[in-house]
Amino acid sequence: MASTETTPAKDAAGVEAGLDALETTATSRPTLRQTFTGKILPPVIALAVVLVVWTLLVPTVDDPSKLPSPAAVGDAFKDAWLKGELLGYIWTSVSRGLLGFLFALVIGTPLGLLVARVRFVRAAIGPVLSGLQSLPSVAWVPPAVIWLGLNNSMMYAVILLGAVPSIANGLVSGVDQVPPLFLRAGRTMGATGVKGIWHVVLPAALPGYVAGLKQGWAFSWRSLMAAEIIASFPDLGVGLGQLLENARTASDMAMVFEAIILILFVGIAIDLLIFSPLERWVLRSRGLLVKS
Amino acid sequence: MATTTTLAEADQSVGYAARIEHVSKSFATPGGRQLVLDDITLDVAPGEFVTLLGASGCGKSTLLNLVAGLDRPTSGSIATDGRPALMFQEHALFPWLTAGKNIELALKLRGVAKSDRRDRAEELLELVRLKGAYGKRVHELSGGMRQRAALARSLAQESRLLLMDEPFSALDAITRDVLHDELTRIWEETGLSVLFVTHNVREAVRLAQRVILLSSRPGRIAREWEVGIPQPRRIEDAPVAELSLEITDVLRGEIRRHGQH
Ligand SMILES: Nc1ncnc2c1ncn2[C@@H]1O[C@H](COP(=O)(O)OP(=O)(O)OP(=O)(O)O)[C@@H](O)[C@H]1O
Ligand SMILES: [Mg+2]
């Protein structure tokens, strides 16, 4: 076999380029059609099935005021929309929920960092903090009403008590799961102390932190709804929880359904619009999520 | 006994890249203290390429961690010429940064001005032949490319001593061959001192000026060889194979000794 004359260095470069090309594969974006059949179609079908089953169930219930038809609920939505109140209900609750969540973020983040990094603080409040996650936040409504009265600060207090533990715990578990290898690599590069926390610990803990934020939002929303239902008071403005409570007092089942559907969908929508994309972005940029 | 870890001042030149004197290390285990390293004395000269060879579990990584300052010796002293860079067996690149930003972080922590970092990172990527990889995430790189990016990040620290802990052991033979060529070229170009850990005898002979064999349990320096074969070498070269055979025989003897009691 005839061999061509190459210097070792040139040869290495050529082989290397070949190996790199072999080992990296190009990924393509999903087509519109794939997105439609994979992401949009399934929930649409599920919704259609629910509506059909619901419609079939309506005639089997003897008291029509107990189970309104989908059309009656649709009318309730239309009414609220035409009266220009629908967006108002949603905005009252969403603005409270998000503002409360931001407060929880501002408190929960440093708290989580303290618990994760300071041994004394962890021993002192770590178990309580993770235990608090399983305490239903409704339990905070009565004391909050007594301490703060029927006002917006009471709502925020309940949101905080519901969401801060989730956010702090998410950060703690994120920090706990930082691979020691990264910490050691950081130390050999001179990232110690505050630099180590900023350049290594926090970015490495981000997936756990974002999972905590996601759960924190769910808890914020739940706590807020509990507070609005239990402590509804006309001066506070009508949010979705109050809407549900008002519908119950008026025995208006269509409106009850309207309120429940709104609470469910607004909670899901915020998650889909803010937290899920955030989480996917964090995971995908680290190769922790396979593109589907 | 004194246990000191000394970093020489950056501008004052010392006669060694690393000086390891009478270093012992033991760990507390459920069955009592286990002596892992026993009285290791070893100098790495400036610009020298030394490989540390030994069976699995003989304490090679432990020794490297001590030299890197990640752990303290139980007794003895270690001095290095500045803070050494350490390249781990796993690439240890940060997955939240691109290849280029990983290198820039090392530059930043060393105090390189922001305006110079980008150019320097591109230069280093070129040095390890990863020119187009600046914006690539770690998971988008192949195993060999990751090790090269990790090498570039270690080089960014501009340490005079590079510690390498079996950096190529997870790679296939062809990629490893290529990286041996690269490492030799970079070592010759930069005048770095390298302390390279491996349990692959041929790899040790292929790369080093001096091969040091550690015995196991506890780890002691069993023997050392000067490798006089001129670079560039190939792992298949007859002189490399011949010396490897000799070293392997001694290594086998060391391991067999453990089976006898
Ligand atoms: N932190 C520790 N605590 C207790 N024992 C340890 C610790 N670190 C290492 N050892 C022990 O020290 C011995 C040497 O470990 P080390 O990782 O240095 O081996 P090695 O030579 O690098 O092996 P390999 O080639 O498999 O990487 C092992 O028996 C290990 O169990
Ligand atoms: Mg090891």
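Letters go in sequence order (proteins before strands), and every chain restarts at 1. Only a predicted model underlies this, so the values are computations on that prediction, with no experimental measurement involved.
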Q | L179(B), part contacting chain A, at a heavy-atom distance under 4.5 Å | A | side chain
Q. Given that the side chain runs from C-beta out, which part of L105(B) has a heavy atom under 4.5 Å from chain A: side chain, backbone, both or neither?
A. side chain
Q) About how many Å separate CE of M189(A) and CZ of R110(B), when rounded to the nearest 0.5 Å? A) 12.0 Å
Q) Ignoring hydrogens and geometry, is there a side-chain-to-backbone donor-acceptor pair from Q157(B) to T188(A) under 3.5 Å? A) yes
(Q) With a sphere of 6.0 Å drawn around CG of L102(A), does it hold more than 12 non-hydrogen atoms of other residues, nucleotides or ligands? (A) yes
**Q.** Proximal component of V200(A), with respect to chain B [non-hydrogen, under 4.5 Å]
**A.** both
**Q.** Atom CG of L32(A): over 12 foreign heavy atoms under 6.0 Å
**A.** no
Q. In Å and rounded to the nearest 0.5 Å, what is the CZ to CG distance from R184(A) to N65(B)?
A. 4.5 Å
(Q) Using a 4.5 angstrom heavy-atom cutoff, name the option from A191(A), P179(A), P203(A) with the most pairs to chain B. (A) P203(A)
**Q.** Within 6.0 Å of CZ in F27(B), more than 12 heavy atoms from elsewhere
**A.** yes
**Q.** Part of A92(B) lying under 4.5 Å from any heavy atom of chain A
**A.** both
Q) Does the side chain of L181(A) come within less than 4.5 Å of F88(B)'s, by heavy atoms? A) yes
Q | Distance (rounded to the nearest 0.5 Å) between R286(A) CZ and H139(B) NE2 | A | 11.0 Å
Q) So, for F94(B) and G186(A), which heavy atoms are closest and what is the spacing to 0.1 Å? A) CZ-N, 4.1 Å
Q. Between M87(B), R148(B), K108(B), H180(B), which shows the greatest number of heavy-atom pairs under 4.5 Å with chain A?
A. R148(B)
Q) Where is the tightest heavy-atom contact between A185(A) and R153(B), given as atom of each residue plus distance? A) CB-NH2, 3.8 Å
